[in-house]
Amino acid sequence: MWNKLNTFLNCVMGAFAGVFLAETIYTYWDYKTHPEIYETTSAPWYTGVLLYGVITLAVILAALIIKLVIRKRVGQRKRF
């Protein structure tokens, strides 16, 4: 059970990190290719990247906390 959950959480963390990296690269490329679009807005071009970064960080931290809590409980059960 623990191995399946661990694998799933690793996949979730990897997927969110990959999507964040891809979104960052695409946004930067789009900014360099079409800077006139980003000049019309009052927010900097990287505002969306920061939002995705915060969401990605929150999901990865939640997954790590879940992994630590479950690992601690599984370790306690094996001792007795």
Side-chain angles (χ1 to χ4, degrees):
M1 176 68 179
W2 162 244
N3 289 334
K4 288 182 181 180
L5 183 60
N6 189 38
T7 302
F8 174 74
L9 290 174
N10 287 339
C11 289
V12 168
M13 290 188 304
F16 271 86
V19 168
F20 172 69
L21 182 64
E23 178 68 25
T24 302
I25 291 170
Y26 174 75
T27 302
Y28 182 72
W29 172 80
D30 193 45
Y31 169 69
K32 287 296 184 181
T33 306
H34 307 103
E36 65 277 356
I37 295 174
Y38 292 91
E39 289 174 359
T40 60
T41 61
S42 61
W45 65 271
Y46 52 85
T47 303
V49 173
L50 292 176
L51 178 63
Y52 280 117
V54 169
I55 292 170
T56 301
L57 183 63
V59 169
I60 289 175
L61 280 175
L64 285 173
I65 290 170
I66 291 170
K67 286 175 70 164
L68 289 174
V69 167
I70 292 175
R71 184 177 294 158
K72 186 175 180 181
R73 287 187 181 185
V74 168
Q76 286 177 353
R77 288 183 186 167
K78 287 184 179 179
R79 290 184 203 162
F80 295 111

**Asked** Quick one: side-chain hydrogen bond (donor to acceptor under 3.5 Å, both in side chains) pairs with a partner in residues 58-70, sequence neighbours left out?
**Response** Asn6-Lys67, Asn10-Lys67
**Request:** Sort and list the pairs that fulfil side-chain hydrogen bond (donor to acceptor under 3.5 Å, both in side chains) and have at least one residue in residues 11-26, not counting sequence neighbours.
**Result:** Glu23-Thr27
**Request:** Treat each ILVMFWY residue as a node, draw an edge where side-chain heavy atoms are under 4.5 Å apart, and state whether Val12 and Trp2 are in one component.
**Result:** yes
**Partners passing side-chain contact (heavy atoms from CB on, under 4.5 Å) against Leu64 (at least two apart in sequence or in another chain)** = Met13, Ile60
**Counterpart residues, side-chain contact (heavy atoms from CB on, under 4.5 Å), relative to Leu5 (two or more places apart)** = Leu9, Ile70
**Request:** Kindly indicate whether the side chain of Arg73, heavy atoms from C-beta on, has any atom under 4.5 Å from the side chain of Arg71.
**Result:** no
**Request:** Decide whether Tyr28 and Tyr38 are clustered together by the hydrophobic rule: side chain heavy atoms of Ile, Leu, Val, Met, Phe, Trp, Tyr closer than 4.5 Å, transitively.
**Result:** yes
Could you go through residues 45-53 and list every donor-acceptor pair under 3.5 Å that involves a side-chain atom there, pairing it with any protein atom two or more places apart or in another chain?
| residue | atom | partner | partner atom | Å |
| --- | --- | --- | --- | --- |
| Thr47 | OG1 | Pro44 | O | 2.9 |

**Asked** Mind checking who shares a hydrophobic cluster with Val69, ILVMFWY linked at side-chain heavy-atom distances under 4.5 Å?
**Response** Ile65
**Item:** Co-membership, hydrophobic cluster, residues Leu57 and Phe16, 4.5 Å side-chain
**Value:** no
